[in-house]
Amino acid sequence: MSQGAMAASFAVSGNHFKVGSGQLSSSGLASYVDVDKSGDGKQHPVSLLALQDVSLSDICQSTQVKTPIGTMVFRLTAGGEAGPVTADRLVIDADDLTGDARFGSAQIGRDASTLDAVPDTRGEPGQFGLQVEDVNVSGVQSRAWSAMGGNFKLKGMRISVGPGGEECF
């Protein structure tokens with residue numbers, strides 16, 4: 001990882017995963033292009049998305065995992081009727097993200113080494129960066145290689161693993 005917030009000091013698995021939420025809000029977002037390296041040495045280009053003071057209406061995370069007894073689906077859900085999912089900071093390394101977004105003050109094309117919307121989140125000098133104050137995204141669907149959170153609160157969390165399980169989307 002470059003100089004990212006909560007920089008990953010771990011190799012990512014060889015599996016990407018899906019993360020979805022009905023509604024995400026954050027007081028700040030900083031993003032730049034980075035590369036995650038998996039345990040097998042492969043490199044995965046990602047958009048590092050750092051979010052400050054995050055609230056999600058709900059969360060669903062899933063991935064398919066090959067095991068000796070077949071392909072299983074790991075699925076984690078939280079929020080919804082149990083209440084919002086929150087984190088002081090959330091960093092997602094994603095290679096695909098969709099949703100309907102509303103940005104407050106946005107700076108697109110800012111030098112990644114000067115990003116300051118989320119503390120301690122900066123890329124390399126000369127690299128493309130984006131930052132936003134006050135962001136809301138509905139219908140979030142993301143394919144990610146890693147996610148890290150600070151002070152995560154997952155109300156109503158449920159984890160399930162099984163064959164033929166449904167992924168989030």
Side-chain angles (χ1 to χ4, degrees), residues 1-13 15-38 44-63 74-80 82-108 110 112-123 127-159 167-169:
M1 305 294 289
S2 299
Q3 303 171 36
M6 299 188 324
S9 58
F10 61 89
V12 298
S13 75
N15 292 350
H16 62 267
F17 55 94
K18 296 176 180 179
V19 179
S21 179
Q23 185 73 34
L24 174 149
S25 63
S26 171
S27 63
L29 175 146
S31 181
Y32 56 88
V33 175
D34 207 356
V35 176
D36 281 356
K37 188 174 181 181
S38 55
H44 309 280
V46 296
S47 175
L48 182 141
L49 299 156
L51 300 144
Q52 188 74 28
D53 300 321
V54 182
S55 179
L56 301 122
S57 60
D58 57 327
I59 192 168
C60 181
Q61 184 266 312
S62 66
T63 190
F74 171 93
R75 183 178 165 119
L76 178 149
T77 58
V85 172
T86 61
D88 292 342
R89 180 174 294 184
L90 177 61
V91 179
I92 302 171
D93 288 3
D95 62 11
D96 189 52
L97 180 120
T98 61
D100 295 324
R102 184 200 54 75
F103 291 164
S105 175
Q107 298 174 339
I108 301 169
R110 182 170 170 161
S113 69
T114 69
L115 297 175
D116 59 8
V118 178
D120 301 320
T121 302
R122 289 178 292 284
Q127 190 176 33
F128 175 87
L130 170 143
Q131 71 177 16
V132 177
E133 292 180 22
D134 185 37
V135 60
N136 287 286
V137 185
S138 60
V140 178
Q141 292 187 341
S142 176
R143 187 174 72 183
W145 290 94
S146 71
M148 297 163 279
N151 206 16
F152 243 122
K153 294 180 183 153
L154 298 155
K155 294 183 179 181
M157 184 183 80
R158 179 170 189 255
I159 294 175
E167 287 205 73
C168 297
F169 51 90

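No hydrogens, no waters, no symmetry mates; every other heavy atom, side chains included, goes into these values.
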Q: Hey, does the side chain of Ser31 reach the backbone of Leu130 with a donor-acceptor pair shorter than 3.5 angstrom?
A: no
Q: Are side-chain heavy atoms of Val91 and Leu48 found at a separation under 4.5 Å?
A: yes
Q: Is the closest side-chain heavy-atom distance between Asp93 and Val12 below 4.5 Å?
A: no
Q: So if I apply the side chain to side chain contact (heavy atoms under 4.5 Å, CB included) rule between Ser26 and each of Val135, Leu56, Val137, Val132, which one comes out positive?
A: Val135
Q: Is the closest side-chain heavy-atom distance between His16 and Asp36 below 4.5 Å?
A: no
Q: Tell me the side-chain hydrogen bond (donor to acceptor under 3.5 Å, both in side chains) pairs involving residues 147-159, sequence neighbours left out?
A: Asp88-Asn151
Q: Compare all side-chain heavy atoms of Glu167 with those of Phe17 and state whether any distance is below 4.5 angstrom.
A: no
Q: Any sub-3.5 Å donor-acceptor pair from Gln131's side-chain atoms to Val118's backbone N or O?
A: no
Q: Answer yes or no: is there a side-chain heavy-atom contact under 4.5 Å between Pro84 and Gln23?
A: no
Q: If the threshold is 4.0 Å, N to carboxylate O, is there a salt bridge linking Arg102 and Asp134?
A: yes
Q: Would you call the rings of Trp145 and His44 parallel, tilted or perpendicular, taking 30° and 60° as the class edges?
A: parallel
Q: Enter the distance from Asp100:CG to Asn136:CG here, rounded to the nearest 0.5 Å.
A: 11.5 Å
